Each structure stands twice: as C-alpha cells, then as structure tokens.
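See below for the structure under consideration.
Each residue takes its place number in the sequence, starting with 1. All ligand and atom numbering here is 1-based and tracks the order in the structure. Computed from a predicted model, the values in this text were never measured in an experiment.
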Amino acid sequence: MKEYLKKLYNKKRETYFKLLANDLKNKHKKFIVTVNPETLMLSENDLELKNILEDKNNSFVPDGIAVVKAARKVGIKISERITGIDIAEYLLKTANENKYSIYLFGAKEEVISILIDKIKKEYSNINILGYSNGYVKNRDEIMEDIIRKNPDICMVALGIPHQEKIIAKYYSKAKKGIYIGVGGSFDVLSGTKKRAPKIFIKLNLEWLYRIITEPSRLKRFWNSNVKFMFKIKK
Ligand code: UDP
C-alpha cells in the first residue's frame, strides 16, 4: 500500500495542470489514474488493476482526502487532492482555449448527450471527435474507434476499475493523448448530478455529501474507505 502512496503526485493541483498543458502541447501520451481508497482496496484482489498501479509509465493522482491523509500518516507529504472532476474541468477548459480534440466515453445516454450539448455551447472551440454512453454492449468497439480517431484527450467514465482496465487494454495503441478514467464526472459536468457545495469541498467532506445524497453508496464507502482507514492504522 505504501508503495502506491509513494507514487502519487505530491505537488499542487495547478502545477499538475501545467504538466498536462505541456503534454498536450507536445502531443505526449499520458494515462492518468485517479487513486482513491476504492482503487487501492480493489487492487488487493484484482491483478489487472494491481498491474495498472504498478506501471511506472502511468501518472497517479491523489483522488480524495483519505489517500492524502493516509500518505501523511506514513510519512509521505502530499500537497492536496486532485480529483477526476478537477482534471476533467481543467481538460475541457484547456481544450477550448487551444482547440484540442476530445472523445468522451461513459455515463448514461441522457447524461452524455446533455454534456455534449453543453460542450458545443460553452466550449465551442473543442473539436469533438466522438462520444458514446457507457452502457454499450461492446466497449471494445468504442475503444477501437477512439484509437482510430486519435484524440488529444480521452475521458472514460465507466467507474472504477472498468475505466482503468479498458484504457490500459488500448493505451499502448494510442499515438498521443491524455487518457483518464473520470468516474461520475460526466454526471456532474452535465448538471445531472450536483457536486457537493463548496463548503463541503473546502472542509474535505465531499465524501459525506455523497453518502447523504446517495445512501446506497454507504456499502461501497464501508468496503473501500473504512476498511482502507483500518488498514492504514494497522
Ligand atoms: N457507468 C457506465 N457504464 C456502466 C456502469 C457505470 O457508463 O456499465 C457510469 C455511470 O453512469 C457513472 C459512472 O460510470 O456515470 C460511475 O460513476 P460513480 O459515481 O460510480 O463513480 P465514482 O465517481 O464514484 O468513481
């Protein structure tokens, strides 16, 4: 566990965004893995996910206060959390400013179509190469289309660990581009779901807001965050 915490990006969010800007400008490839307790706990019994976390070429960001605090507890300093949605928002902004191309894969059909309409209106310089909802029968077909179209940015919102695994399966074929699994970000970016109010985010209580508004998350929270905390304590 400590090995994975050590690999997390430890500087400020803004500094990370500068790295991304540079990658995009120079058409580098990057696979960003947002690491949270769920990723780490699942990787204990999931070899495919474990391999993704061990791949030195991937870029790991601390997605959530639990990993930031856990790292600090074992003597690893991390500046702040950098969530999937923070990165997704930044990528849309920079794509609009620089006319980059994107491909979005994931979420329900109504969510992705609202988001695409919003991008066309609010980020009109973005070149949308393609998109798909995340409930298609054949996910591989979509990934093959993504590889063919060669976007500057590819965001996959299928939830952990499916998004990371499908990216890992195709990433070696990508010629360029930022690839990232963004979880429930499309729901929030489309306006279909609300992100926690700013005060929750500021106080690092976003996880609490998500449980209150979606009590069905409690079991997932127990299996990932609570077990993770116990493990770190031990
Ligand atoms: N999802 C999908 N296909 C599936 C299962 C889930 O596209 O087969 C989407 C779902 O609609 C949601 C996202 O994956 O937009 C996962 O969201 P969740 O809130 O679980 O992710 P988190 O942010 O908690 O990692």
Side-chain angles (χ1 to χ4, degrees), residues 4 8 31-43 46 48-49 52-53 58 60-68 81-92 102-119 130-143 145-146 154-170 179-197 200-201 204-229:
Y4 298 145
L8 295 173
F31 175 10
I32 305 171
V33 183
T34 60
V35 178
N36 56 36
E38 192 170 20
T39 331
L40 294 172
M41 294 309 289
L42 287 174
S43 73
D46 186 331
E48 218 179 318
L49 188 58
I52 294 172
L53 289 176
N58 297 339
F60 302 100
V61 294
D63 178 25
I65 193 62
V67 285
V68 174
R81 65 193 189 119
I82 309 176
T83 65
I85 187 137
D86 293 331
I87 298 176
E89 278 172 346
Y90 171 75
L91 289 174
L92 288 180
I102 63 166
Y103 201 119
L104 303 183
F105 176 27
K108 292 188 185 137
E109 180 55 36
E110 61 263 35
V111 171
I112 190 78
S113 43
I114 293 173
L115 180 57
I116 291 294
D117 282 348
K118 196 173 161 184
I119 293 173
Y131 63 91
S132 167
N133 74 66
Y135 294 85
V136 287
K137 263 205 196 116
N138 193 340
R139 289 176 173 169
D140 291 280
E141 259 176 24
I142 307 295
M143 289 308 295
D145 191 42
I146 293 173
C154 169
M155 297 195 231
V156 182
L158 300 172
I160 295 166
H162 314 288
Q163 54 196 24
E164 283 75 21
K165 287 185 184 179
I166 198 105
I167 293 175
K169 186 170 169 193
Y170 285 90
Y179 282 71
I180 178 171
V182 291
S185 299
F186 293 175
D187 302 277
V188 176
L189 291 171
S190 64
T192 316
K193 254 190 213 171
K194 283 219 160 13
R195 191 172 178 189
F200 279 78
I201 299 176
N204 286 321
L205 290 173
E206 193 162 10
W207 57 273
L208 180 63
Y209 177 84
R210 292 188 92 178
I211 291 176
I212 297 168
T213 51
E214 287 175 76
S216 57
R217 281 186 175 272
L218 195 58
K219 191 169 171 226
R220 234 173 106 183
F221 184 79
W222 178 267
N223 283 330
S224 52
N225 292 57
V226 180
K227 288 190 180 166
F228 173 70
M229 289 303 202

* List every atom of ligand 1 that sits less than 4.0 Å from any heavy atom of Gly106, numbering the atoms from 1 in the order shown and giving each element. => 7 (O)
* What about Arg139: any of its N or O atoms under 3.5 Å from an N or O on ligand 1? -> yes
* Asked: Tell me, which protein residue and heavy-atom name are nearest atom 3 (N) of ligand 1, and how many Å apart are they?
  -> Gly134 O, 2.8 Å
* To do: May I ask you to list the atoms of ligand 1 that are less than 4.0 angstrom from any heavy atom of Asp187?
  => 12 (C), 15 (O)
* To do: Decide if atom NZ of Lys165 counts as having more than 12 heavy atoms of other residues, nucleotides or ligands within a radius under 6.0 Å.
  => yes
* Contact with ligand 1 for Arg210, non-hydrogen, under 4.0 angstrom -> yes
* Asked: Of the protein's non-hydrogen atoms, which lies at the shortest distance from atom 13 (C) of ligand 1, and what is that distance?
  -> Gly183 O, 3.5 Å
* To do: Could you check atom 7 (O) of ligand 1 against the protein and tell me its nearest heavy-atom contact, residue, atom and distance included?
  => Ala107 N, 2.8 Å
* To do: For ligand 1, indicate whether the residue Gln163 contacts it via side chain, backbone, both or neither (heavy-atom separation under 4.0 Å).
  => neither
* Examine ligand 1 and decide if any of its atoms is less than 4.0 Å from a heavy atom belonging to Arg217. => yes
* To do: Output the list of atoms in ligand 1 that are nearer than 4.0 Å to some heavy atom of Gly159, sorted by atom number.
  => 14 (O), 16 (C)
* Asked: Are a donor atom and an acceptor atom from the side chains of Asn223 and Lys219 found within less than 3.5 Å of each other?
  -> no
* For ligand 1, find out whether one of its N or O atoms is nearer than 3.5 Å to an N or O atom of Arg220. => yes
* To do: Could you check if a side-chain atom of Ile112 sits within less than 4.5 angstrom of a side-chain atom of Ser190, using non-hydrogen atoms only?
  => no
* Compute the shortest N/O to N/O distance between Ala157 and ligand 1 and return yes if it is under 3.5 Å, no if not. => yes
* Which residue supplies the protein heavy atom nearest to atom 21 (O) of ligand 1, what is that atom called, and how far is it? -> Gly184 N, 3.3 Å
* Asked: Is it true that Asp86 and Arg81 make a salt bridge, defined as a side-chain N closer than 4.0 Å to a carboxylate O?
  -> no
* To do: Taking atom OH of Tyr131 as the centre, report whether more than 12 heavy atoms of other residues, nucleotides or ligands fall under 6.0 Å from it.
  => no
* Asked: Parallel, tilted or perpendicular: which fits the ring planes of Tyr209 and Phe200, with parallel below 30° and perpendicular above 60°?
  -> perpendicular
* At what distance, to the nearest 0.5 angstrom, does CD1 of Ile52 lie from CG of Asp46? -> 8.0 Å
* pair Ile166-Asp140: side-chain heavy atoms closer than 4.5 Å -> yes
* **Selected option - heavy-atom contact closest to atom 11 (O) of ligand 1, from Phe186, Phe105, Tyr135** => Tyr135
* Would you confirm whether Glu206, through its side chain, and Ile201, through its main-chain N or O, come within 3.5 Å as a donor-acceptor pair? => no
* Roughly how far, to the nearest 0.5 Å, is the NE2 atom of His162 from the CD1 atom of Ile160? -> 10.0 Å
* Do any N/O atoms on Ile160 end up under 3.5 angstrom from N/O atoms on ligand 1? -> no
* Does any N or O atom in Val182 lie less than 3.5 angstrom from one in ligand 1, N or O only? -> no
